[in-house]
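What you see is a predicted model; the values in this text were computed from it and never measured. Counting from 1, the numbers follow the sequence of the chain as shown.
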Amino acid sequence: MHELGITQNVLSIVLKEATKAGASRVTKVSLKVGEWSTVEPDCLKFYFGILAKGTLAEGAEVAVEQVPVAYACENCGHEYIPLVSAFACPRCSSNKGKLITGRELFVDSIEVENADSGSAKSSGCK
């Protein structure tokens, strides 16, 4: 259920950036969602479709790229994807791993149409 509030924030970012770009319509929104973000991508897409009605983003495609969980060993610096049964570094067996990806959630890019000049793309909206 927390996806509703998150989607409201995502839509707010999208509309703000689209307005800044002078867009007449948002055609695509690309999101990056970490595997451990506790966010269900299908719920984001569902709520976006509902919340975007009557806005510049109505009918926009929502693409979600899931970012895998990755750790960096604080002992040897090796970066690895932990196993379900073992979080220890596979190189040095240290249990001092630091999460480096897998909890993020951000708008990676927005594609829009401008009434005057056709389509454009905005990236890096977090």
Side-chain angles (χ1 to χ4, degrees):
M1 188 64 178
H2 69 287
E3 283 89 351
L4 178 59
I6 292 169
T7 308
Q8 288 172 322
N9 288 332
V10 166
L11 180 60
S12 175
I13 291 167
V14 167
L15 294 176
K16 180 179 174 185
E17 294 299 320
T19 301
K20 276 200 275 185
S24 59
R25 185 171 95 88
V26 176
T27 57
K28 184 176 180 181
V29 177
S30 297
L31 306 172
K32 291 207 176 188
V33 178
E35 283 182 337
W36 283 359
S37 66
T38 71
V39 172
E40 179 57 47
D42 287 340
C43 287
L44 287 176
K45 292 178 182 179
F46 175 75
Y47 286 132
F48 193 91
I50 293 171
L51 295 171
K53 287 184 179 172
T55 71
L56 291 175
E58 183 172 354
E61 175 188 353
V62 178
V64 177
E65 178 184 340
Q66 284 210 296
V67 180
V69 172
Y71 272 68
C73 179
E74 293 182 338
N75 187 45
C76 71
H78 180 63
E79 293 183 6
Y80 61 99
I81 297 172
L83 301 174
V84 172
S85 60
F87 279 84
C89 175
R91 181 182 288 170
C92 72
S93 300
S94 170
N95 285 321
K96 292 184 177 180
K98 180 180 178 184
L99 183 68
I100 55 174
T101 63
R103 300 222 21 161
E104 55 277 88
L105 190 157
F106 61 90
V107 178
D108 187 45
S109 65
I110 303 166
E111 293 179 21
V112 300
E113 287 179 356
N114 291 13
D116 299 338
S117 59
S119 64
K121 184 175 181 178
S122 176
S123 297
C125 308
K126 296 182 181 176

So, the side chain of Glu3 versus the backbone of Glu40: is there a donor-acceptor pair under 3.5 Å, distance only?
yes

With sequence neighbours left out, write down each residue that passes side-chain hydrogen bond (donor to acceptor under 3.5 Å, both in side chains) with Lys98, or none if nothing qualifies.
none

State the CD-NZ distance between Glu113 and Lys28, to the nearest 0.5 angstrom.
13.5 Å

Are any side-chain N or O atoms of Thr19 and backbone N or O atoms of Leu15, one a donor and one an acceptor, separated by less than 3.5 Å?
yes

How far apart are the closest heavy atoms of Ala23 and Asn114, and which atoms are they?
CA-OD1, 3.5 Å

Count the heavy atoms of every other residue, nucleotide or ligand shown that sit under 6.0 Å from CD1 of Ile100, and state whether that count exceeds 12.
yes

Is a side-chain donor or acceptor of Thr101 paired with a backbone partner of Pro68 at a separation under 3.5 angstrom?
yes

Just by modelled atom types, is the Cys89 backbone N or O under 3.5 Å from a matching donor or acceptor in the Ser94 side chain?
no

Could you identify which residues cluster with Phe87, counting Ile, Leu, Val, Met, Phe, Trp and Tyr as linked when any side-chain heavy atoms lie under 4.5 Å apart, either directly or through a chain of such contacts?
Trp36, Val69, Tyr71, Tyr80, Leu99

Qualifying residue for side chain to side chain contact (heavy atoms under 4.5 Å, CB included) with Val33, from Val67, Ile6, Thr38, Leu44:
Leu44

Backbone of Phe48 reached by a side-chain donor or acceptor of Thr7 within 3.5 Å:
no

Show, in sequence, the C-alpha distance, side-chain angles and deciding distance for Glu58 and Lys53, and conclude whether the salt bridge (charged side-chain N to carboxylate O under 4.0 Å, His left out) test is met.
CA-CA 5 Å; Glu58 183 172 354; Lys53 287 184 179 172; over 6 Å; no

Please assess Leu105 against Leu31 for the test side-chain contact (heavy atoms from CB on, under 4.5 Å), listing each intermediate value before the final yes or no.
CA-CA 7 Å; Leu105 190 157; Leu31 306 172; 5.7 Å; no

Nearest 0.5 Å please: distance from the CD atom of Glu35 over to the CD atom of Gln66.
6.0 Å

Test of understanding: with side-chain hydrogen bond (donor to acceptor under 3.5 Å, both in side chains), list the residues that count as partners of Arg103, not counting sequence neighbours.
none

Pro90 versus His78: any side-chain heavy-atom pair under 4.5 Å?
yes

Minimum side-chain heavy-atom gap Leu56-Val14 below 4.5 Å:
no

Rounded to the nearest 0.5 angstrom, the CG-CZ distance for Leu4 and Phe46 is 10.0 Å

Smallest heavy-atom separation, Val39 atom then His2 atom, equals CG2-NE2, 3.9 Å

